[in-house]
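Take a look at the structure below.
Letters A, B, ... are given to chains in the order of the sequence lines, protein chains preceding strands, and every chain is numbered from 1. Values below: all heavy atoms of this structure, side chains included; hydrogens, waters and symmetry mates excluded.
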Amino acid sequence: MPDPAPRNILVAVAWPYANGPRHIGHVAGFGVPADVFARYHRLRGNRVLMVSGTDEHGTPIMVAADRAGVSPRELADRMSAVIRNDLRDLGLSYDLFTRTTTKNHHRVTQDLFRTLYDKGYVLERETLGAFSATTGHTLPDRYIEGTCPICGYPEARGDQCDNCGNQLDPTDLIEPRSKIDGSPPVFRETTHFFLDLPAFKERLAEWIGAQRDWRPNVKNFSLRLVEDLKPRPITRDLDWGVRIPLPEFEGRDDKRIYVWFDAVIGYLSAAVEWAHVTGEPDAWRDWWQNPEAGHYYFMGKDNIVFHSVIWPSMLMGYGAGGEVGGGEVPLELPDDIVATEFLTMEGRKFSSSRGVVIYVNDFLSRYDPDPLRYFLTIAGPENQDTDFTWSEFVRRNNDELVATWGNLVNRTLTNAHRNFGSVPEPGELSEADRAVLAEVDAGFETVGDLLERASFKAALGEAMALATRVNQYVSEAAPWALVKDDRQRAGTVLFVALRAVDSLKTLLAPFLPFSSQAVHELLGYEGRLAGPLEIREVGADDDDPHEVLTGDYASSVGSWTPSALPAGQELREPRPLFAKLDPDTVVEAELARMETAADLA
RNA sequence: GCGCGGUGGGGGAGCGGCCGUCCCCGCGAGCCUCAUGAGCUCGAGACCGUGGGUUCGAAUCCCACCCGCGCACCA
């Protein structure tokens, strides 16, 4: 297929909040789909910039820090490192995974705030706020509980009563108390800045209405939100967050920018930081100020509003303006907002506090990353909520990954390695030989088209169907029988099968990067398909040293093409790609582990 | 109230005629034996949530109801 000119693709991945380790539901939502998409586009020859980082400001981190007896900064440092390691171990190929506590991020956030303020999109309003009596900080509604004035339920939250379902205001609660320390909250007038969302209503409605490719849930939900927009606060009474860049707030420790506001700006600030780190400080503009670039955002469905309404409003309001933008070309709006539904755990909602959870690092301490990536793609919540069960995980691993793909690789390589030692020299190809190769080659088109459209489940299913197709070919051609009396023909069949496996390795590489690398090596290639990922320290020149997750993926760029495996290439000693799991022991052990955690919680 | 969904035993796709069709499993039978007891072939199994309607024709469009999930000042 003729390749069009390379496109610049921004893969903007939701920022995991650093108040604790992330669980597999989180990475099912933002991480794995985004990584599959980014890896595919690199293979396709496009210039990918995949950015994200840990989201480290706000009340929940202060609360968690308090509980742990450390400062917010210390807690954020600790959790950021844990999350960074988890994402690396899962093989999420960020070009830059940074943090919101960097100088660069604060600078970019302040520029956005300042510019929106100067252009009149920031309003100042008096509101009645709830404060912790002990710390004086803003107490978010969900951290206040008390007796519901409607149904008398004693543990109603400040925003809603879980018993009768009515929306509440924290001032409605009878005997309100802080969920953090039990003290009664103090209500008082406070001044905050608000983002004037209604100012963008018409432009948002027109822009969202014109979208053709968004998933229906995202588009309809967003259109509905736009009908009823209210100004939204962008500051809080805290001392942990980005400082408000206005003269009257200089040196003041009582107000900060609201964490959600700085978190969404991370997509931009991380791109700016990436450009700085790579030594081409303006390179980020190739994505952000380039109308030809594609901007793709990945998140769980609970985050849609920020990406389809609020962040676009901020971008529209900022326009070309500000110190960072430079005043000439407006910043690009999202092209697609890929929101994933929710994953549940053995029929229950994930809940860290109730022990219904499986953390990424815990999972990866016992199982390999590719089976998890496989499960989360083939059985994940792409279009509707789905349930993670251990028995289904084991089944998918054993009956699909091991039996179809792992076995194909193993039987093909074993036959070839044992009988020939290297890729056999083929004779003339038969019709069946050419047919199977043509079908696999066509996969680069079909799987690629599905990936373009973010249909990950279908794309992986298609690639797996091709593996089944090659299994059929191998069964029919039976090279193990041929080798006894027609060595030439056996060699031809194995040559065809090896080429098919080599192509499938590429087709599966976005989904299963670790095992595709293994196949690459077994086939006798040197070097890496992509990566490796690395954690390294940057920012020393800016007096702001911090660790980031990054990697060099240049080797994979443009290799989305059918195999050209040369005859004569030495094969390595085959070994199984995936571990088969014992259903009984795994399911029993994991369910017991979950029950123990739930009992402790 | 609004949005998304409800498809053989499990999980999904299909979203006006080719459809009760397709995919991954499970189940039954057979073939093969190179391969991690893996692979290949054939078969049984469904009132497409329920009730209405539109249409020459509906899983697919409309209405009502039932069930599940979600719904911004939480991050």
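Ring to ring, A/Phe511 and A/Phe456 are not that close: their centroids are 6.0 angstrom or more apart.
Going from the C1' atom of B/G16 to that of B/C62 covers 13 Å, rounded to whole Å. Separation of the P atoms belonging to B/U54 and B/G11 is 34 Å when rounded to the nearest angstrom. A distance of about 29 Å separates the P atoms of B/C42 and B/G49, rounded to the whole Å. Comparing B/C73 with B/C63, their P atoms sit 30 Å apart, to the nearest whole Å. Using atom P as the reference point in both B/C47 and B/A29, the two lie 25 Å apart (nearest Å). Comparing the P positions of B/C4 and B/A64 gives an interatomic distance of 14 Å, to the nearest angstrom. Spacing of P atoms, B/G8 relative to B/G20, comes out at 16 Å, to the nearest Å. B/C48 and B/A59 are spaced 7 Å apart, taking the P atom of each and rounding to whole Å.
For the pair A/Trp405 CH2 and B/C25 C1', the interatomic distance rounds to 21 Å; values are reported in whole Å. The nearest whole Å value for the distance from the NE2 atom in A/His57 to the P atom in B/C74 is 18 Å. With rounding to whole Å, A/Phe261 atom CZ is found 14 Å from B/C73 atom C1'. Computed from coordinates, the A/Phe420 CZ to B/C34 P distance equals 15 Å when rounded to whole Å. Here the C1' atom of nucleotide B/G3 and the CD1 atom of A/Ile208 are 14 Å apart, to the nearest Å. When rounded to the nearest whole Å, the span between OH of A/Tyr473 and P of B/C32 equals 21 Å.
Under a cut-off of 6.0 angstrom, the local environment of CD in A/Glu431 is sparse, with at most 12 non-hydrogen atoms contributed by other residues, nucleotides or ligands.
The side chain of A/Thr386 sits closest to B/G12 out of B/G26, B/C73, B/G12. For A/Arg395, whose side chain is taken as the heavy atoms from C-beta onward, the closest listed nucleotide among B/U33, B/C73, B/G10 is B/G10. The side chain of A/Phe342 sits closest to B/G70 out of B/U33, B/G12, B/G70. Checking B/C25, B/C34, B/C73 against every side-chain atom of A/Asp399, the shortest atom distance belongs to B/C25. Taking the side chain of A/Asp302 as heavy atoms from C-beta on, and the options B/G12, B/C69, B/C74, the nearest nucleotide is B/C74.
A donor-acceptor pair shorter than 3.5 Å cannot be found between the side chains of A/Arg373 and A/Thr377. A donor and an acceptor atom, one from each side chain of A/His106 and A/Asp262, are nowhere located under 3.5 Å apart. Looking only at atom types and distance, the side chain of A/Lys255 has a donor-acceptor partner in the side chain of A/Thr190 under 3.5 Å away.
A/Glu462 is linked by a side chain to side chain contact (heavy atoms under 4.5 Å, CB included) to A/Thr446, A/Val447, A/Leu450, counting only residues two or more places apart in sequence or in another chain.
Considering only side-chain N and O atoms, A/Gln472 lies nowhere under 4.0 angstrom from the phosphate OP1 or OP2 of B/G39.
Residue A/Lys230 is classed as a base contact, given a heavy-atom separation below 4.0 Å to a base. Counting any heavy atom pair closer than 4.0 Å across all strands shown, A/Thr344 reaches no nucleic acid atom. Residue A/Ala379 is classed as having no contact, given no heavy-atom separation below 4.0 Å to the nucleic acid. Across all strands, A/Asn419 comes closer than 4.0 Å to no nucleic acid atom at all (heavy-atom distances).
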Scan nucleotides 35-37 of chain B against the protein and return all N/O pairs shorter than 3.5 Å with their distances rounded to 0.1 Å.
| from | atom 1 | to | atom 2 | distance (Å) |
| --- | --- | --- | --- | --- |
| B/A35 | OP1 | A/Arg418 | NH2 | 3.0 |
| B/A35 | O3' | A/Asn410 | OD1 | 3.0 |
| B/A35 | O2' | A/Asn407 | ND2 | 2.7 |
| B/A35 | O2' | A/Asn410 | OD1 | 3.2 |
| B/A35 | N3 | A/Asn407 | OD1 | 3.1 |
| B/A35 | N3 | A/Arg411 | NE | 3.4 |
| B/U36 | N3 | A/Phe578 | O | 2.7 |
| B/U36 | O4 | A/Leu577 | N | 2.9 |
| B/U36 | O4 | A/Phe578 | N | 2.8 |
| B/U36 | O4 | A/Phe578 | O | 3.0 |

Pair assignment for RNA chain B - dot-bracket with | for other-strand partners, Watson-Crick or G-U under 3.5 Å = (((((((.[[[[[)..(...]]]]].(((((.......))))).....[[[[[..)....]]]]]))))))....
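Between A/Lys505 and A/Asp502 there is a salt bridge, with a side-chain nitrogen of the basic residue lying less than 4.0 Å from a carboxylate oxygen of the acidic one. The pair A/Arg99-A/Asp55 does not count as a salt bridge, with every side-chain nitrogen at least 4.0 angstrom from each carboxylate oxygen.
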Could you walk me through whether A/Tyr473 and A/Asp433 pass the side chain to side chain donor-acceptor pair (under 3.5 Å) check?
-> CA-CA 8 Å; A/Tyr473 166 80; A/Asp433 299 340; 2.6 Å; yes
